[in-house]
Amino acid sequence: MTDNSKTVVALLAGLAAGAALGILFAPESGEETVDKLSKSLKDLKDRVLDKAHQEIANLTRTSDELADKASESFSSVKEEVKGKIDSLKEDANDNLTDYVAQA
């Protein structure tokens, strides 16, 4: 979790705690207090779920980017190794041809 994410979660938790305390100490009936508290908790849940979905999307995007970069790097290294092997084969064939010609 990034520092910004932690800050947002802490802020939301603080807001929820403040709202809950404000509702609990408000001079209203128990039913009204429960309704307000329920609504506040539902709103908090919705905000937390939205933030979680955003973070999951960010993580998915980042992992996809990393996988693409790793694949590109692997392909590049594979081609480089293949080129070196082909070069070594050619050198070996040239050396063999020279050796046979000298014999």
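Computed from a predicted structure; not experimentally measured.
When side chains are defined from C-beta on, K82 counts as touching D86, because their heavy atoms get closer than 4.5 Å. Between L44 and L12 the shortest side-chain heavy-atom distance falls below 4.5 Å.
Distance CD1/I56 to NE2/H53: 5.5 Å, rounded to 0.5 Å. Atom CG in D91 sits 12.5 Å away from atom CG in L96 (nearest 0.5 Å). Taken to the nearest 0.5 Å, the CG atom of L11 stands 8.5 Å off from the OG1 atom of T7.
Side-chain N or O atoms of S63 include one that pairs as donor or acceptor with a backbone N or O of L59 at under 3.5 Å. With S76 contributing its side chain and E72 its backbone, the two residues share no donor-acceptor pair below 3.5 Å. Although no hydrogens or angles enter the test, the distance criterion places a donor-acceptor pair under 3.5 Å between the side chain of T62 and the main chain of N58.
Using a cutoff of 4.0 Å between basic side-chain nitrogens and carboxylate oxygens, K39 and D43 are scored as salt-bridged. Taking a cutoff of 4.0 Å between a charged side-chain nitrogen and a carboxylate oxygen, E65 and K69 do not qualify as a salt bridge.
With sequence neighbours excluded, the residues satisfying side-chain contact (heavy atoms from CB on, under 4.5 Å) with I85 are V81, K89. Qualifying side-chain hydrogen bond (donor to acceptor under 3.5 Å, both in side chains) partners for N95, counting only residues two or more places apart in sequence or in other chains: none.
V8 and V48 fall within the same hydrophobic cluster, where Ile, Leu, Val, Met, Phe, Trp and Tyr residues are linked whenever their side-chain heavy atoms come under 4.5 Å apart, directly or through other members.
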